[in-house]
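When a ligand or atom number is given, it counts from 1 through the structure's own listing order.
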Amino acid sequence: MELEDIRREYSKGGLRRKDLRLDPVDQFNLWLQQAIDAKLLDPTAMTVATVDETGQPYQRIVLLKHCDHDGFVFYTNLGSRKAQHIEGNTKVSLHFPWHNLERQVNVLGVAEKLTAAENFKYFTSRPKESQIAAMASRQSHRISARGILEGKYLELKQKFAKGEIPVPSFWGGYRIKPTSIEFWQGGENRLHDRFIYSPNADSKEEGGWDIDRLAP
Ligand SMILES: Cc1cc2nc3c(=O)[nH]c(=O)nc-3n(C[C@H](O)[C@H](O)[C@H](O)COP(=O)(O)O)c2cc1C
């Protein structure tokens, strides 16, 4: 089988303007719920793209942990590559690939750090093993062998065998405040539907959005 021969038709019925919510976050949460209901694998997995100081992009998957009108939230290591990128350039792009629903969503936005209280609330809700693993790993740094990571994990497991695990100072979350959100639905004969929401500059009400159709 040649790669060039791998393709499929998209036949889930398209997306019409009349079916869109006025607010992109409402539209996103509707689609996310549909992805969860459809039992997609990792429905909350999103690719986060950041750029380094030279403009070189890098992408990685993280899990969306919350989405409301304030933005899209994920948690990570604050010394990681992505955190260093965000330190230098807060502009990020998020991408949700919901293949089985023939959908994708692209979010452009600006990252801000969560508060210590928000970090604490989520960290303490995680399983103890995840808390210890977060503490054991200097994410994105080079290590010489897996044994070093495992040794650190076991050491911390013993140290915190009893009692609460404090939130590491180098761990926390980001909230991406959206500046535009695009919804893509596959269509027959490659005539896909795309709608982009961007802030409505003329809107008297704060939080108004323009909705434009894009050519596929
Ligand atoms: C399905 C999946 C979910 C992941 N979720 C997270 C996450 O929520 N937070 C995180 O820091 N890394 C997560 N990762 C690991 C990241 O993809 C990445 O390897 C790590 O964050 C380091 O990225 P960086 O070096 O660009 O900072 C996940 C990976 C996969 C495949």
Side-chain angles (χ1 to χ4, degrees), residues 25 28-29 31-68 70-101 103-150 152-153 156-157 165-178 181:
V25 173
F28 176 82
N29 279 323
W31 273 25
L32 177 61
Q33 189 58 51
Q34 290 172 350
I36 294 165
D37 294 345
K39 305 216 178 322
L40 298 195
L41 197 60
D42 297 335
T44 58
M46 59 180 181
T47 300
V48 179
T50 55
V51 289
D52 72 10
E53 70 279 6
T54 69
Q56 170 66 59
Y58 185 87
Q59 304 167 77
R60 78 291 283 162
I61 294 175
V62 304
L63 298 181
L64 177 72
K65 289 297 170 185
H66 188 75
C67 177
D68 61 20
D70 290 330
F72 295 71
V73 170
F74 68 89
Y75 293 89
T76 192
N77 182 302
L78 300 176
S80 64
R81 168 168 33 194
K82 71 182 87 50
Q84 289 173 23
H85 285 188
I86 290 170
E87 192 74 30
N89 184 341
T90 55
K91 287 183 181 171
V92 305
S93 166
L94 311 176
H95 179 254
F96 295 82
W98 292 318
H99 298 276
N100 288 7
L101 296 177
R103 287 174 174 173
Q104 62 175 337
V105 177
N106 288 77
V107 179
L108 299 186
V110 178
E112 60 180 35
K113 278 185 181 166
L114 297 188
T115 63
E118 288 173 303
N119 291 338
F120 177 83
K121 189 167 173 222
Y122 178 64
F123 188 80
T124 51
S125 78
R126 301 181 83 197
K128 201 166 183 183
E129 292 71 28
S130 305
Q131 295 180 350
I132 295 171
M135 193 176 266
S137 170
R138 291 185 71 215
Q139 193 179 58
S140 314
H141 288 72
R142 284 175 170 74
I143 50 172
S144 53
R146 183 177 170 85
I148 293 175
L149 183 65
E150 290 174 351
K152 187 78 190 164
Y153 179 86
L156 291 169
K157 201 170 173 183
I165 300 170
V167 185
S169 58
F170 52 83
W171 183 95
Y174 288 95
R175 175 176 287 110
I176 312 302
K177 283 187 169 290
I181 307 186

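- Among all protein heavy atoms, the one lying closest to atom 25 (O) of ligand 1 is S140 OG, 2.6 Å.
- Atoms of ligand 1 lying under 4.0 Å from any heavy atom of Y75, numbered from 1 in the order shown and given with element: 7 (C), 8 (O), 9 (N), 10 (C), 11 (O).
- Expressed to the nearest 0.5 Å, how far CH2 of W98 lies from CD1 of I36 amounts to 8.5 Å.
- In terms of protein heavy-atom proximity, atom 20 (C) of ligand 1 is nearest to Q139 NE2, 3.4 Å.
- Remark: of the listed residues R60, Q84, K91, R60 is the sole one forming a side-chain hydrogen bond (donor to acceptor under 3.5 Å, both in side chains) with T50.
- Contact annotation for atom 5 (N) of ligand 1: protein present (non-hydrogen atoms, distance under 4.0 Å).
- V51 and P57 make their closest contact through CG1-CA, 3.8 Å (heavy atoms, listed as atom of the first residue, atom of the second, distance).
- In terms of protein heavy-atom proximity, atom 11 (O) of ligand 1 is nearest to T76 OG1, 2.6 Å.
- For ligand 1, the atoms sitting less than 4.0 Å from at least one non-hydrogen atom of Y58 are 26 (O), numbered in the order shown with element in parentheses.
- Here H85 has no heavy atoms under 4.0 Å from ligand 1, in either its backbone or its side chain.
- Checking Y75, F170, W171 one by one against F123, the ring pair (Phe, Tyr, Trp, His ring centres under 6.0 Å) holds for a single residue, W171.
- Taking CG of L78 as the reference point, atom CD of Q139 lies at 9.5 Å (rounded to 0.5 Å).
- The shortest N/O to N/O separation between D42 and ligand 1 does not fall below 3.5 Å.
- Of all protein heavy atoms, the one lying nearest to atom 8 (O) of ligand 1 is L63 N, 3.1 Å.
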Inset, instruction - Could you go through the side chain to side chain contact (heavy atoms under 4.5 Å, CB included) check for M46 and V107 one step at a time? - result: CA-CA 10 Å; M46 59 180 181; V107 179; over 6 Å; no

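- Residues A133 and Y153 share a closest heavy-atom pair of N-CE1, 3.9 Å.
- Contact between C67 and V25 at its shortest, heavy atoms only, is SG-CG1, 4.0 Å.
- In the candidate list R60, M46, K82, K82 is nearest to atom 21 (O) of ligand 1, counting heavy atoms.
- In this structure, of I61, L78, V62, T50, the residue bringing a heavy atom nearest to atom 15 (C) of ligand 1 is I61.
- Contacts between F74 and ligand 1 below 4.0 angstrom, taking non-hydrogen atoms only, are absent altogether.
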